[in-house]
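Quick notes on the structure that follows.
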Amino acid sequence: MRTAQRFRIWRNRVRAIVRKERLDQDLDQELAFHLEQLTAENIADGMSPREAHEAARRAFGNISSVAEESRDQRRMNWLHDAKQDLGYGWRMLRGNLRFTVVAAASLALGIGANTAILSALDTAFRGDLPLPDSKHLVLIRAVPLQNPENVSNSTVPDYLAWKERVRSYSNLGLSIANFQDLSMTEDGAPPERITGQAVTLSLLQTLGVAPVLGRVFTEEEASVDAPARVIILSHRLWQRRFRGDPSIVHREIRMDGRWLTIIGVMPEGFWYPHPAVDYWVPLGMTAAQKQASGRLFAVTARLKDGIPRERADAELGLISTQLQREFPEREGSWSARTQPIREQWFGWLRQPLLMLEGAGLLILMIACANVATLLVARATARRSEFAMRAALGAGHGRIFRQLLAESVLLSSIGGMLGLGVAWLVLKLLNGTQPPPGGIALPSMTLNPAVFALALLIALLCGLTFGILPAFTGLAGAKSLHEQSGKPGRERVRGSLVAAQVGLALILLIGSGLLVQSLQHLVDEDRGYEPEGLLTFEFRIPQGEYLKQAESFHGMPAAEARPPTATMQRVYDRLSSLPGVTSIGGISQPIVNGILVPTFAVMREDHPAPETGSEREALLANYFIITPNLLATLRGKIVHGRDITADDTASSPWVAIINESAARRYWPGEDPISQRFMLDAAEGERQRVVIGVVHDITTNATEGPHRPAVYTSYLQQPEVYRGFNGNMFGQMVFALRSPGDVSRLIPAARQAVAEVDPNHPISNVASIVWWGGFVRINRGLYFLVLGTFAFVATLLATMGIYGVTAYAVSQRTREIAIRMSVGARESEIGLLLCRRAMMLIGIGLGGGLVGAWMFAGLLRTQMWRMTTDDPLTFIAAAIFLAIVALIATLLPARKATQVNPSVALRSE
Amino acid sequence: MPKPSDLLQGTLDLLILKTLAREPLHGWGIAKKILALSGDVLSVQQGSLYPALHRLEQQGWIEADWRDTELGRPAKFYSMTKEGREQLGRELETWHRLSSAVGLVLKKA
């Protein structure tokens, strides 16, 4: 029945728009008929037709105004009402400017931050990867049984065993990083270092991407021991270096001193396994590598259709147990599992983003609670207004619509500003640096669906808290008399305020902890001074000093003739650069080196390790350095002396160890003058410890220091047979100079070119290896969390202030009476503040518990994050309590200062 | 004779609905009938009548169609809808409550 009427009304409304002209004509005719009848009546009364017509016109009045008013009736009243509602809403918001600004700003922060962070999460964990059918692609990672979290790459034998035994995959392939120097080309482009991958044919097949030009290599070209000298270029390298030359296939280029034939170009936008890769060469496996235990190779696999990852993992586990039995030495302590590619690329983003999202949700909750507080308060204040309007004939629907309009207005303002906030946060997120192995997200964009969701949440919150109380108010306000607040609504308001205090405390403590850890990081004893250092890499291609040899201790090995003479010439030349205070070289990047060689340190007076795990326990990071390196870094020699130019091949071989190594190998003894061997290779000799250096932080994101051994580049075997032979041909030079170190770059480049024109320096940086990732990212967290914490505190304070101010306004008369019968200000103040203080107390209690849990989340995601610092917890709670108390006392004080007689008369 | 403005808006709606309850009529006829039934007291002016008719039509309480009068002249006839009948019931009730309340006040005061 009611539906029928609603339908009729809507039909009429639609008709009023669609058939406007017809209806207007009808109206004119209708009025004309009326006029005719009047005229006819006048004629019947005896007037002449002319007189009758005139009289009728007079009696009718203004025809067009009657027509106009009639037409108005069918105009869309609701459109008119909506405009009016928005107008009222706007006036209401402007009338409460302070509230509106804070509410809109907090909504903006909440909506914006959530939109940005959820958009980023969406891009990272749901978006398309630039690979065909990427959801079936996984990496197979080796899992050390002792430390299953620390998954690693795999060995060649692992790969071969999996390829033979697993049934869950349609294909799997192998890859390993490869760097080569592309020599000067005939068009005169200078030599440069480019980054690529050595891959098996099966890897390209697994990925399922075909070249746009030419072909991929054949199985024969990737044959064991002697892979063909062919290369596939990335689209980018082809465009950049060869200007997209369409006849590039079959052309020969010189890489690391060898001629390679270009056989193909991959499609635009294709990269694997990271965006910086510019070429792919066949990965030939030597017979030795097929037995080797070096976990250096990435295994990529494609799951068969319909095989879930869990099943593939179960199968891998089974095969691992077989392998553990078959090769206890190599596989005894290892298992394997799959890892989605997405996880490897973007996994580093998961925790930070989830944490930020947590903070974002908190701020959205606070914003909603704040808006709700206001609306509930408003509803209370307006109950009499609504009752009045209802009595004057406004329908509930109309009042509902007005509240709706207010909420919509507020949410829209918040949403609009939120777009700006989202843009800003995304900009910040786009600036975060991935750690080694991770990949920066492809530029993240705002996700409209997410934005709509955040806006909807804000809107729903406004509606729930804006309309429900108004309606309970309407129901209870049958009479216009009822004035005082209802206890139920007070409870809602009170719990909202307590919630705000609690949430604000969580954010305050969270950002406090972050500030502290940031401070720790800046002050941290890194064991050297990165500021003011210029670093660059000089590298001699392996082909010039290294050849593959038989295995050594069952591992792939090479025979190296360390190019010491060239290194020495480069070092000497660089040392004579004008303006250089100090210079030194080291075989691996000081921090975040990806493949730092490790060797077991065997004390002269201890038996050699027998099992793999015994050897494992003796491993130390191994660095080859030039004299002056530690002085240049400003590392601290705590005992003994530094390596000097007098430590030559003919003098006794020496070594410097770090404090961790001293503790590890000579606990409780003086390590100076102790002798040891490295289980490095043939050609290595016994070394004597001449110095102990304070631990130098080598990894920005990982756990405690590892033992390290430093030896002189002059004291190396002439012929070295073993693994890690490539450590001899590379040197990272660190150069210290007062003022701007980057001005020395051209001179350094020139100096190296004078000594060795074929090999450019690369990776030039004023030391940011360290910093980038950790410092920028923590700075970002701090900025976002700090802003949130500030806003949250502000909102909570305003909420408290509002509660007290409202309570005071409700009790003005009571206060006046108490004052006039002699109550003291402090008593009144206590009376008024009691409730607010209770709310603050409840909020702080809940907030402390929440913050403790939040800190747990922070700890899991950031290394060396201080989370159990009670001082931060207490300080934040006290700070918030004080601020909240001030907000309570202000209105209370104002109330007690009012002259009682004035207050009494005011009602 | 009371001026049209003295007729409360709600009252005019009530009168129109009541008039149409018996038979469909055109605007002129409605005005005539109200005048006649009120003993020539309530003269509904065009300026109030037609907006009221259009409002009631828009609300779905009455509907209109073009028919010929007895004299063969086409006119817009209004008739009552089912919802209009219900609305009339509600308005009558309100009216009776109000008038008896006013009556009581007048009697007792």
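Neither the backbone nor the side chain of A:Ala67 comes within less than 4.5 Å of any heavy atom in chain B. Of the atoms belonging to A:Ile63, not a single heavy atom falls under 4.5 Å from chain B. Interface remark: B:Glu57 contributes backbone and side-chain atoms alike to the contact with chain A (heavy atom separation under 4.5 Å). Residue A:Asn62: no heavy atom, backbone or side chain, is found under 4.5 Å from chain B.
Annotation for B:Trp66 and A:Glu30: closest pair CH2-N, 3.9 Å, computed over non-hydrogen atoms. When all heavy atoms are compared, the tightest approach of B:Gly47 to A:Val66 is CA-CG2, 3.6 Å.
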Take A:His34 and B:Tyr50, measure what side chain to side chain contact (heavy atoms under 4.5 Å, CB included) needs, and give me the verdict at the end. CA-CA 10 Å; A:His34 193 104; B:Tyr50 286 97; 2.7 Å; yes
Yes or no on side chain to side chain contact (heavy atoms under 4.5 Å, CB included) for B:Lys32 and A:Gln37, after CA distance, side-chain angles and deciding distance? CA-CA 11 Å; B:Lys32 276 283 155 202; A:Gln37 296 295 323; over 6 Å; no
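Taken from CZ in A:Phe33 to NZ in B:Lys76, the straight-line distance is 12.5 Å, to the nearest 0.5 Å. Summarising the geometry, atom CD belonging to B:Gln46 is positioned 9.0 Å from atom CG belonging to A:Leu31; distances are rounded to the nearest 0.5 Å.
A:Arg57 CZ: 12 or fewer foreign heavy atoms inside a 6.0 Å radius.
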